[in-house]
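Being a predicted model, the structure only gives us computed values, none of them experimental. In the text below, chain A, chain B and the rest are named by the order of the sequence lines, each starting its count at 1.
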Amino acid sequence: MLRTHTCGALRKSDVGSPVTLCGWVDSKRDHGGAVFIDLRDRYGLTQVVIGPPEANESLIKQAGHVPNESVILIRGVVADRLEGKTNAKLETGEIEVRSEHFEILSASETPPFTPGQSDLPGEDLRLKYRFLDLRRKEMQQALIRRSEIIKCMRDYFAEHDFIDVETPILGRSTPEGARDYLVPSRVHPSNFYALPQSPQLYKQILMVAGFDRYVQVAKCFRDEDLRADRQPEFTQLDLEMSFVDSEDIIGLIDGLVAKTAKQVLGKDISLPLPRMTYEEAMRRFGSDAPDLRFGLEIVDVTSVAAKTDFRVFRGTADAGNFVRGINVKDAALKFSRRQIDELTAFVQQDFGAKGLAWFRVEDDGTLWSPIAKNFEPEHLAEIKELMGGEPGDLLMFLADTWEVTCKGLSGLRKRLAVELKLYEEGELNCSWVTEFPMFEKDEEAGRYVAMHHPFTAPLEEDLPLLKESPEKCRAQAYDLVINGSEAGGGTIRIHDSKVQSQVFELLGMDEETARDRFGFLLDALRFGAPPHGGIALGVDRWVMLFAGLENIREVIAFPKTQKAADMMTGAPGEVDADQLNELHLRTVSAKT
RNA sequence: GGCGCGGUAGCUCAAUUGGUUAGAGCCCCGGACUGUCGAUCCGGAGGUUGCGGGUUCGAGUCCCGUCCGCGUCGCCA
């Protein structure tokens, strides 16, 4: 090693020791007669003094001109800082290194930004110069935490007898689910591999093969539009077990959540984690990944709405739709008409709601609203009663289809919780949502599509519903939810080829198509398939949530932009005509 | 694809109703200074206001188009 210590290592007990340090020039303070350099590496910051008597004049002069972010090596002796000159902000703040030798290992040009600067540069710049951005303490901490979390997961599953098996990246496209990233084949003209959306089919095959407990940290790819918590290329902690039911998987992951929270954050989480069904989640929170850090529960007032003379409410109820609302406690005076108009526009534009009805609970307990005159006093009283309204509360309602009230009110909950700071920073609320429907209607295609994936087993008791009314059939599926974010999801799989064929049929896939696409799985299921199931955890999201961050890019070393581009490398980029020819591809003009 | 926010010096931002030569802090360059740790002081350099068009006597500011970044809806088995 060129160095004897890191920049975070030296303490008062080292005073007098000769040391050699390497690192980046974080900042320097040039006093002419002496120069102070803060030397940085990932372990910390150490103050180096280049001055007399150890250093001669030319060395001091040279030190004064070292550009920031240069990599330097210094040799010197650890010295106690003079009284009153210590720096409490630094771990190494009680000492400094008096340098007698100093050399520039690699000078830096003036960087577009420095890791220590207080104003964070724009994200495009951070992504373009990611190597500079990754020098920032926050980024280093996030990636270190990521490493810790993954290690924690690997240890946990190793302790539980899981076997790590790698599955292919070049696979076969399956039309279900997200859009695939495709890779053209050179040796098979007009044929394409697809990058895996998840190792789903392979891990099921591994169960049939008898591996019993499989785990993998798997890269997954989905070519869909991005969000703050979504990247086109992401990491799953993927696992599968044989001879298990939902309880086994949920219990296993409960243990992992508690262990990770303890090990990484020092937090105790009491087990078992709370659970609710999908039906309950939609009814009370309008979301299949409800944020349970705060209240704002949804209340259904359709029964009262049906009795009122207010046309919007009555008409909605008469049409078989719903009037549901939330009680924003103590918020009547916090929102101006203008702000409520803003919220109205929000639910209209983002969720297709027709409007937002609202009432203030007055000091005398009556409800006030521009629309209040359309209601009989006793109906207002009933609404207040149902909503648990107290003076000072603000009641907000959507009158619409079940779906729109769910989405709109869920959106309102999240937004209001942020604006009103309804939860503690650093809180980690983990829970399960279970009993998802097997299918949902695809309005465009006019058919059923699998809510999770087509290999999900129905609840035992719902098996008969598969024929009678598939939309009511519930699945043996479970999602792990952390702070309103889907942190993982899994299912018990179908291990009976007859049931599997039945599901394919329901999904509108004829036998031939099913054979063509999933023949290997159907075959496998006919040659002794153990009952099995598993789960995949979103590693990037875990890290983001455990680190209290709000953007997935902050926990990925080299993330992509919203348009799925890499600003540092320039990917995706054009390729040579030769390459295209070899792949039997021809590009079509981008603009039509 | 829709909606919204943003793009001005290397960086972070400012610039009144459209009005003179587009400013500040940091960074950078030169100089002074041995105790700083956001060093200080003096001096200096630095701009196609993302790009293209239009309106106007005059555009950073208004209009149209376009590119890029971010958020969000659709989408994400």
Charged N-O contact under 4.0 Å between A/Arg515 and A/Glu511: no

A/Phe351 CZ to B/C73 C1', straight-line distance once rounded to whole Å: 7 Å

Sugar-phosphate, base or nothing in reach of A/Gly51, heavy atoms under 4.0 Å: nothing

Residue mapping more 5' on RNA chain B - nearest nucleotide basis, A/Gln117 or A/Glu224: A/Gln117

Side-chain N or O of A/Lys89 closer than 4.0 Å to phosphate OP1/OP2 of B/C37: no

Nucleotide B/C76, atom P - distance to CD of A/Gln231 in whole Å: 18 Å

Any A/Lys563 side-chain nitrogen or oxygen under 4.0 Å from OP1 or OP2 of B/G69: no

Carboxylate-amine/guanidinium proximity below 4.0 Å for A/Lys560 and A/Glu233: yes

Note: A/Glu224-A/Arg230 ion pair, threshold 4.0 Å (strictly below): no

Ion pair A/Arg415/A/Glu342, N-O distance below 4.0 Å: yes

Closest to side chain of A/Asn87, choosing from B/C73, B/C37, B/G69: B/C37

Length of the line joining A/Arg227:CZ and B/C3:C1', which is rounded to integer Å: 12 Å

B/C41 - base-pair partner by Watson-Crick or wobble geometry, distances under 3.5 Å: B/G31

Spacing between A/Leu39 atom CG and B/C37 atom C1', to the nearest angstrom: 14 Å

Whole-Å gap separating P (B/C33) and NE2 (A/His65): 13 Å

A/Asp400/A/Lys354 ion pair, N-O < 4.0 Å: yes

salt_bridge(A/Arg172, A/Asp516) N-O dist < 4.0 Å: yes

Look for any protein N or O under 3.5 Å of an N or O in nucleotides 39-49 of chain B and output each such pair with its distance, or none.
from, atom 1, to, atom 2, distance (Å)
B/A39, N6, A/Asp30, O, 2.6

Pair of N/O donor and acceptor under 3.5 Å linking B/C73 base with A/Asp350 side chain: no

A/Met567 side-chain proximity, nearest of B/C37, B/G69, B/G10: B/G69

Closest to the A/Asp225 side chain, choosing from B/G1, B/C27, B/U12: B/G1

Partner nucleotide of B/G71 by Watson-Crick or wobble geometry (both distances under 3.5 Å): B/C3

A/Glu554 CD - B/C70 P separation (whole Å): 11 Å

Check: B/G25 base within 3.5 Å donor-acceptor of A/Asp119 side chain: no

Base B/G35 to side chain A/Arg98, donor-acceptor N/O within 3.5 Å cut-off: yes

Closest to side chain of A/Leu82, choosing from B/G35, B/U34, B/C28: B/G35

Salt-bridge criterion met for A/Lys203 and A/Asp238 (N-O under 4.0 Å): yes

Per A/Asn68 side chain, nearest of listed nucleotides B/C28, B/G35, B/C3: B/C28

Carboxylate-amine/guanidinium proximity below 4.0 Å for A/Arg136 and A/Glu138: yes

Spacing of A/Arg222 atom CZ relative to B/C76 atom C1', expressed in whole Å: 7 Å

Phosphate OP1/OP2 of B/G69: any A/Thr561 side-chain N/O under 4.0 Å: yes

Sugar-phosphate, base or nothing in reach of A/Leu226, heavy atoms under 4.0 Å: nothing

Under-3.5 Å donor-acceptor pair between A/Arg126 side chain and B/G69 base: no

pair A/Leu412-A/Met396: side-chain heavy atoms closer than 4.5 Å: yes

Sugar-phosphate, base or nothing in reach of A/Ser198, heavy atoms under 4.0 Å: base

Presence of A/Asn551 side-chain N/O under 4.0 Å of B/G71 phosphate oxygens OP1/OP2: yes

Presence of salt bridge, A/Arg553 and A/Glu123, under 4.0 angstrom: yes

Sugar-phosphate, base or nothing in reach of A/Arg179, heavy atoms under 4.0 Å: nothing

Under-4.0 Å side-chain N/O to phosphate OP1/OP2 contact, A/Lys128 with B/G69: no

Between C1' of B/U34 and CD of A/Glu96, the distance in whole Å: 12 Å

A/Thr174 or A/Lys407, whichever maps to the more 5' nucleotide of RNA chain B: A/Lys407

Side-chain donor/acceptor contact of A/Arg230 with base of B/C75 under 3.5 Å: yes

ring centroid sep under 5.5 Å plus plane angle under 30, A/Phe36 with B/U36: yes

Sugar-phosphate only, base, or nothing, as touched by A/Leu125 at under 4.0 Å among non-hydrogen atoms: sugar-phosphate

Polar side-chain contact A/Gln562-B/G71 base: donor and acceptor under 3.5 Å: yes

